[in-house]
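Whatever order the structure lists ligands and atoms in, that order sets their numbers, starting from 1. Any value given below was found using the heavy atoms of this structure, including those in side chains, with hydrogens, waters and symmetry copies removed.
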Amino acid sequence: MLTNVEHIGIAVRDIAASNELFGKLLNALPYKTEKVESEGVSTSFFRVNQTKIELLEATSPDSPIAKFIEKKGEGIHHLAFEVDNIVTEMARLKDEGFTLLNEIPKRGADNKLVCFLHPKGTNGVLIELCQEINE
Ligand SMILES: CC[C@H](C(=O)O)C(=O)SCCNC(=O)CCNC(=O)[C@H](O)C(C)(C)COP(=O)(O)OP(=O)(O)OC[C@H]1O[C@@H](n2cnc3c(N)ncnc32)[C@H](O)[C@@H]1OP(=O)(O)O
Ligand SMILES: [Co+2]
């Protein structure tokens with residue numbers, strides 16, 4: 001079950017400058033900055049009531065963010081939904097014909113297990129599923 005929009009991912013060239021910009025826009029400081037080497041990203045998270053904004057900067061030229069910005073420029077990169085059980089949801093979505101970009105949940109940022117769906121099968125929107133990791 002998808003329970004809510006967990007975060008909106010925004011690809012940026014310079015996360016320090018974008019932290020300042022979104023800090024002014026949201027009148028807030030990021031509550032977390034985190035590098036996810038496995039994804040080739042540096043992230044910062046802002047909370048906007050129940051929703052979050054995730055800024056993403058590439059840490060390497062082959063990062064998905066670098067490729068995205070090269071092709072499309074800065075902007076909304078993905079929409080992340082919170083799920084109660086990521087394994088169940090992945091199986092349901094696979095049955096429904098969506099293309100999973102990872103067959104096994106992987107460690108994401110902000111203490112989550114994540115899975116991505118190919119945008120080709122979701123009207124051009126990269127979708128991320130997130131389940132909170134209860135340590
Ligand atoms: C996990 C840490 C953090 C978190 O919240 O926990 C994150 O969110 S990390 C976010 C970065 N990681 C990812 O995005 C992983 C999933 N993404 C991928 O596997 C790739 O980026 C993929 C498969 C979406 C595209 O990779 P590919 O090598 O195929 O790049 P292309 O440029 O050839 O793209 C193919 C095709 O897809 C379109 N595309 C690419 N990215 C996006 C996007 N973000 N939204 C919408 N569409 C996208 C691209 O334009 C190409 O379309 P075409 O019509 O062929 O030009
Ligand atoms: Co994300």
Side-chain angles (χ1 to χ4, degrees):
M1 176 86 168
L2 278 67
T3 51
N4 61 287
V5 172
E6 209 285 328
H7 64 263
I8 298 166
I10 298 175
V12 299
R13 287 191 174 86
D14 176 345
I15 202 162
S18 293
N19 279 341
E20 259 193 69
L21 180 70
F22 276 80
K24 285 179 198 157
L25 175 71
L26 305 172
N27 195 20
L29 292 172
Y31 70 88
K32 179 179 280 189
T33 57
E34 185 179 349
K35 195 176 262 192
V36 184
E37 288 298 355
S38 57
E39 287 298 321
V41 295
S42 283
T43 65
S44 52
F45 284 88
F46 292 82
R47 215 185 286 286
V48 185
N49 202 350
Q50 297 303 313
T51 299
K52 298 170 188 170
I53 297 293
E54 176 189 45
L55 301 181
L56 302 124
E57 181 187 60
T59 54
S60 67
D62 58 357
S63 161
I65 297 302
K67 286 187 79 172
F68 178 86
I69 289 179
E70 202 181 302
K71 204 162 206 176
K72 297 173 176 270
E74 293 182 308
I76 293 180
H77 178 261
H78 62 275
L79 196 49
F81 289 94
E82 185 156 17
V83 293
D84 43 14
N85 183 318
I86 195 164
V87 172
T88 308
E89 209 48 35
M90 286 167 67
R92 183 184 73 80
L93 291 165
K94 191 169 183 177
D95 279 352
E96 293 281 8
F98 293 96
T99 304
L100 305 185
L101 289 166
N102 51 290
E103 289 293 332
I104 299 165
K106 57 184 176 179
R107 184 101 193 195
D110 203 23
N111 196 44
K112 298 278 188 312
L113 281 179
V114 303
C115 171
F116 289 89
L117 307 182
H118 201 292
K120 285 286 178 220
T122 51
N123 288 148
V125 179
L126 178 62
I127 299 292
E128 177 183 357
L129 309 176
C130 302
Q131 180 185 329
E132 186 81 28
I133 300 171
N134 298 313
E135 307 279 14

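Residues Glu128 and Lys112 are not paired through a salt bridge, judged by the lack of any N-O separation under 4.0 Å between the basic side chain and the carboxylate. Comment: Glu57 does not engage Arg13 in a salt bridge, judged by the lack of any side-chain N to carboxylate O separation of less than 4.0 angstrom. Salt bridge annotation for Asp110-Lys32: present, with a cationic side-chain nitrogen under 4.0 angstrom from a carboxylate oxygen.
Of all protein N/O/S atoms, those lying under 2.8 Å from the Co ion (ligand 2) come to 4.
Applying the salt bridge (charged side-chain N to carboxylate O under 4.0 Å, His left out) test to Glu54 and every residue at least two apart in sequence or in another chain returns nothing. By the salt bridge (charged side-chain N to carboxylate O under 4.0 Å, His left out) test, Glu70 is found to be paired with no residue, residues two or more places apart in sequence or in another chain being considered.
Contact residues of ligand 1 (protein heavy atom closer than 4.0 angstrom to a ligand atom; sorted by chain and number): His7, Glu39, Glu54, Leu56, Pro64, Lys67, Phe68, Lys71, Lys72, His77, His78, Leu101, Gly108, Ala109, Val114, Phe116, His118, Pro119, Lys120, Gly124, Leu126, Glu128.
Annotation: side chain of Leu55 is in contact with side chain of Phe46 (closest heavy-atom distance under 4.5 Å). Within the 4.5 Å cutoff, the side chain of Val41 has heavy atoms near those of the Ser63 side chain. When side chains are defined from C-beta on, Thr59 counts as touching Lys35, because their heavy atoms get closer than 4.5 Å.
Using a 30° and 60° split on the angle between ring planes, His7 and His78 fall in the perpendicular class, above 60°.
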